[in-house]
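Heads up: the structure comes next, in structure tokens.
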Amino acid sequence: MVPIPQCDPRANYYAHRSEIDMAVQRVLESGQYILGEEVEFFEREFADFVGAAHTVAVASGTDALEMALRACGVGVGDLVFTVSHTAVATMAAIELTGATPVLLDIDPKSYTMDCSSLQEALRDHPVGRPRAVVPVHLYGHPADMPAICEISQKHGVYVVEDCAQAHGAKIDGRSVGTWGHIAAFSFYPTKNLGALGDGGAVVSSDANLLARVRELREYGWRKRHVSEIPGFNSRLDSLQAAILRAKLHHLNSDNERRALLARRYEELLNQAQICLPIIRFNAQHVYHQFVIRTVQRDILGDYLSDYGIGSAVHYPVPVHRQPAYAGRVHTFGDLTHTDYVAGEILSLPIYPELSLAAVDRVARHIQEWENLKN
Ligand SMILES: Cc1ncc(COP(=O)(O)O)c(C=O)c1O
């Protein structure tokens, strides 16, 4: 029985091995190991991919989000509206600025921010200055950006997109990362565009916001050794930039392959009792994860594991119920959908190198499991 992992970043390295090895060799021989030409080329190429004017490459997605928020002036006393159904990194980044997160419920179909909750929370918020909204394009499905931008504009707050899981996802043909004022991406190895280490990027078409991020990235320098503002060290390594450049060439075809695998799951499981992903009419999903729902999620996960099939739960405990955050972050309303979805979701194997035969095997075992329990 050949195991089927839930994700496999090594397979992506093997798929593009010769280009990655050449890129690594080029950097090793260049003598420039941090920032430099490779990072500048990558910034240009990634901005073109997203369709934004500028990119600043940084050390991680969490840093990218924190610096994007700081560039918008977010800090102590400010409220930042986001969702509880996300990676805890979203919260960490908001809190690192000194701001207070206000957590909203999700739409149970797309698992992204519920826009009516946003509207109500901006009207009727806890004590503090509403300053920014952070929609998360979770699992590769875009949040409802036209509605979020319209509501946010009415209330004069910044929109900072968390695109960590959605490189290349679109709404009405326009990429995520170009809807809000500024956006953050992660290049954690399992992401649709993954480095072989940590990495992240901030993207925007507002040159002033990105100039601020560029200063924050390296000690607040505008000119070397002159700190204009207190900054950080969040530089991207040249090696990671070169690897990302090699992989960026394949991102569109990798995303197409993910979509093909998702269609196969959908065809095979359309009669099943589990709940399949639901895609908003104007959205292009990039299937960072293929997430199904069933009330017996843990039992199904164990059953698949018995047949060598990996699965995962993203995320089993919503942020407002995590020991570090419970009772400290604000929640708006009772987050009903967030809570029940967390108990039912299961991420099936999906990555560009996964074979159709493997998808068939996963689907067959899900069907068998359903037949056994009926
Ligand atoms: C939704 C979301 N936001 C932010 C991040 C943070 O990215 P990183 O792990 O690169 O810091 C991640 C990655 O795990 C994520 O999934």
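Here, residue 1 is the first one in the sequence, and each next residue gets the next number. Model, not experiment: these values are computed from the prediction. When a ligand or atom number is given, it counts from 1 through the structure's own listing order.
- Every atom of ligand 1 is numbered from 1 in the order shown, and the set under 4.0 Å from a heavy atom of Ser186 is 7 (O), 8 (P), 10 (O).
- By the 30° and 60° cut-offs, the orientation of the rings of Phe187 relative to His167 is tilted.
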Run the side-chain contact (heavy atoms from CB on, under 4.5 Å) test on Tyr13 and Asp21 for me, step by step, so that the C-alpha distance in whole Å, both residues' side-chain angles and the decisive distance to 0.1 Å come before the verdict. CA-CA 9 Å; Tyr13 164 62; Asp21 287 357; 2.6 Å; yes

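- Of all the heavy atoms of Asp63, none lies under 4.0 Å from any atom of ligand 1, so neither backbone nor side chain is involved.
- Near Val136, meaning under 4.0 Å from one of its heavy atoms, ligand 1 places the atoms 1 (C).
- Every atom of ligand 1 with a heavy atom of Ala89 under 4.0 Å away is listed here by number and element: 4 (C), 5 (C), 6 (C).
- Contact check on Arg297 versus Glu344 returns no salt bridge, with no Lys/Arg side-chain nitrogen under 4.0 Å from an Asp/Glu carboxylate oxygen.
- In this pair, Tyr287 and His285 present their aromatic rings parallel. The plane angle is below 30°, not in the 30 to 60° band.
- The distance criterion of under 3.5 Å between nitrogen or oxygen atoms is not met by Tyr188 with respect to ligand 1.
- Close approach of ligand 1 to Gln165 (heavy-atom distance below 4.0 Å) involves ligand atoms 1 (C), 16 (O).
- Salt-bridge annotation for Asp48 and Arg44: present, with a side-chain N of the basic residue lying under 4.0 Å from a carboxylate O of the acidic one.
- Annotation: cation-pi geometry satisfied between Lys373 and Trp369 (NZ/CZ under 6.0 angstrom from ring centroid, within 45° of ring axis).
- In terms of protein heavy-atom proximity, atom 1 (C) of ligand 1 is nearest to Asp162 OD2, 3.5 Å.
- Annotation for ligand 1: atoms under 4.0 Å from non-hydrogen atoms of Gly61 are 6 (C), 7 (O), 8 (P), 10 (O), 11 (O).
- Of the polar atoms of Asp198, none of the N or O atoms is found under 3.5 Å from an N or O of ligand 1, judged by distance alone.
- Considering all non-hydrogen atoms of both residues, Ser110 and His141 come closest at CB-CE1, 3.7 Å.
- Annotation: atom 2 (C) of ligand 1 to nearest protein heavy atom, Ala164 CB, 3.4 Å.
- For ligand 1, the polar-atom distance check against Thr62 finds a nitrogen or oxygen pair separated by under 3.5 Å.
- At the shortest separation from atom 13 (C) of ligand 1 among protein heavy atoms lies Lys191 NZ, 2.9 Å.
- For Glu228, the CD atom counts as densely surrounded, since its 6.0 Å shell holds more than 12 non-hydrogen atoms of other residues, nucleotides or ligands.
- Taking every non-hydrogen atom of Thr86 and a distance limit under 4.0 Å, the qualifying atoms of ligand 1 come out as 1 (C).
- Within the 3.5 Å criterion, the main-chain N or O of Arg174 finds a donor-acceptor partner in the side chain of Trp179.
- Residue contacts with ligand 1 leave out Leu65, since none of its heavy atoms falls under 4.0 Å from the ligand.
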